[in-house]
Amino acid sequence: SGMTRRIMIAAALAVSLAGGAAAQSIDSTYTRIDETCTERQLPDEPGVEIRCAGHDGWSFQIAAGEHGAAIAYAHAGGAMSDFIAPPMRGLFGGFNDVVEWRLRDGAAFATIHRYIHYNPPEMLEVSGGLEEPNTLIVTTLDPHGPETACAIAHVDASALRNANLVAREAADRLAPGWDCGHPPVLFDDTNPDVGTWLARSH
């Protein structure tokens with residue numbers, strides 16, 4: 001009867017809404033790289049080592065020199081991951097001072113960290129004074145995996161207006177179970193979103 005069917009549809013809808021609510025337990029928290037971090041000068045390149053407490057037992061270390069910077073992660077005093085370097089887009093560069101942690105039910109499973117590529121002023125003149133290129137580096141975190149952390153996506157924030165959303169979607173959909181043997185996926189104007197990439201790659 002029509003009544004039974006309506007109840008079934010309502011029940012199915014309630015289940016899908018509940019599933020949606022369960023999936024909504026993903027959120028973000030932020031760590032600032034500031035004076036609570038320890039900094040030490042190294043005798044040669046990269047020059048500076050910065051260690052910071054992160055979230056949920058994670059810590060990270062940044063090696064920074066005059067040509068750029070790389071980041072590594074460790075969980076609860078465990079082994080430090082390999083250093084994660086940004087894509088090559090400028091002669092110089094450095095990280096933004098805020099790390100975004102993606103949390104599922106409070107546990108960190110990915111980070112998003114903006115890297116700004118600096119070019120000498122004479123190169124900016126050649127490019128017509130465009131803004132400094134910058135990339136959101138999306139990293140998967142797995143305290144029990146063979147690799148504690150690795151980059152899963154590079155989001156070209158100079159090309160994509162909604163780069164923050166793309167980076168979060170990459171974190172939420174690609175980080176769980178990511179194989180660190182794969183190179184990071186580049187999202188830019190030719191590959192603008194995670195759904196398209198997933199459809200193309202599978």
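Every value quoted in this text rests on a predicted model; they were computed, and no experiment measured them.
With respect to W101, the side chain to side chain donor-acceptor pair (under 3.5 Å) criterion is satisfied by exactly one of T31, T139, T111: T31. The residue from R89, R114, R161 that alone fulfils the salt bridge (charged side-chain N to carboxylate O under 4.0 Å, His left out) condition with D156 is R89.
Two residues are said to be in side-chain contact when any heavy atoms from C-beta on lie closer than 4.5 Å; V185 and W178 meet this criterion. You'll find the side chain of T140 reaches within 4.5 Å of the side chain of C150, heavy atoms only. You'll find the side chain of V155 stays beyond 4.5 Å of the side chain of N164, heavy atoms only. Side-chain contact between P87 and T135: present, with at least one pair of heavy atoms (C-beta onward) separated by less than 4.5 Å. Between I112 and R102, some side-chain heavy-atom pair lies under the 4.5 Å cut-off. Here the side chains of S158 and H117 are not in contact, with every heavy-atom distance at 4.5 Å or above.
When the side chains of ILVMFWY residues are joined at heavy-atom separations under 4.5 Å, either directly or via intervening members, I137 and W58 end up in a single hydrophobic cluster. Cluster annotation: L136 is not connected to Y115 through the hydrophobic network of ILVMFWY side chains, with a link wherever side-chain heavy atoms come within less than 4.5 Å. Residues V48 and I62 are members of one and the same hydrophobic cluster, defined by side-chain heavy-atom contacts under 4.5 angstrom among Ile, Leu, Val, Met, Phe, Trp and Tyr. Linking Ile, Leu, Val, Met, Phe, Trp and Tyr residues whenever their side-chain heavy atoms come within less than 4.5 Å leaves V98 and I50 in two separate clusters. Placement of L141 and I84 within a single hydrophobic cluster is found when ILVMFWY residues are connected by side-chain heavy-atom separations under 4.5 Å, directly or transitively.
A171 approaches P176 most closely through the heavy-atom pair O-CD, 3.7 Å. What you find for P143 and H75 is that their closest heavy atoms are CB-ND1, 3.5 Å. What you find for G195 and E169 is that their closest heavy atoms are N-OE2, 4.3 Å. Nearest approach of A153 to F187, heavy atoms of both residues: CB-CE1, 3.8 Å. Across all non-hydrogen atoms, the minimal contact from A70 to A85 is CB-CA, 4.1 Å. Closest of all the heavy-atom pairs between C52 and I33 is SG-CG2, 4.1 Å.
Atom CZ of R200 has more than 12 heavy atoms from other residues, nucleotides or ligands within 6.0 Å.
N191 contributes a side-chain N or O that, together with a main-chain N or O of L186, makes up a donor-acceptor pair within less than 3.5 Å. A donor-acceptor pair is defined here as one N or O able to donate and one able to accept, closer than 3.5 Å; such a pair exists between the side chain of S81 and the backbone of Y73. Without hydrogens or angle criteria, H113 side chain to N96 main chain gives a donor-acceptor distance under 3.5 Å.
Rounding to the nearest 0.5 Å gives a distance of 9.0 Å between CG of D82 and SG of C180. Atom CG of L160 sits about 9.0 Å away from atom CG of D193, to the nearest 0.5 Å. For the atom pair F95 CZ and I116 CD1, the distance stands at 10.5 Å (nearest 0.5 Å). Rounding to the nearest 0.5 Å gives a distance of 4.0 Å between CG of D172 and CD1 of I26. Here the CZ atom belonging to R51 is positioned 13.0 Å from the CD atom belonging to E39, to the nearest 0.5 angstrom.
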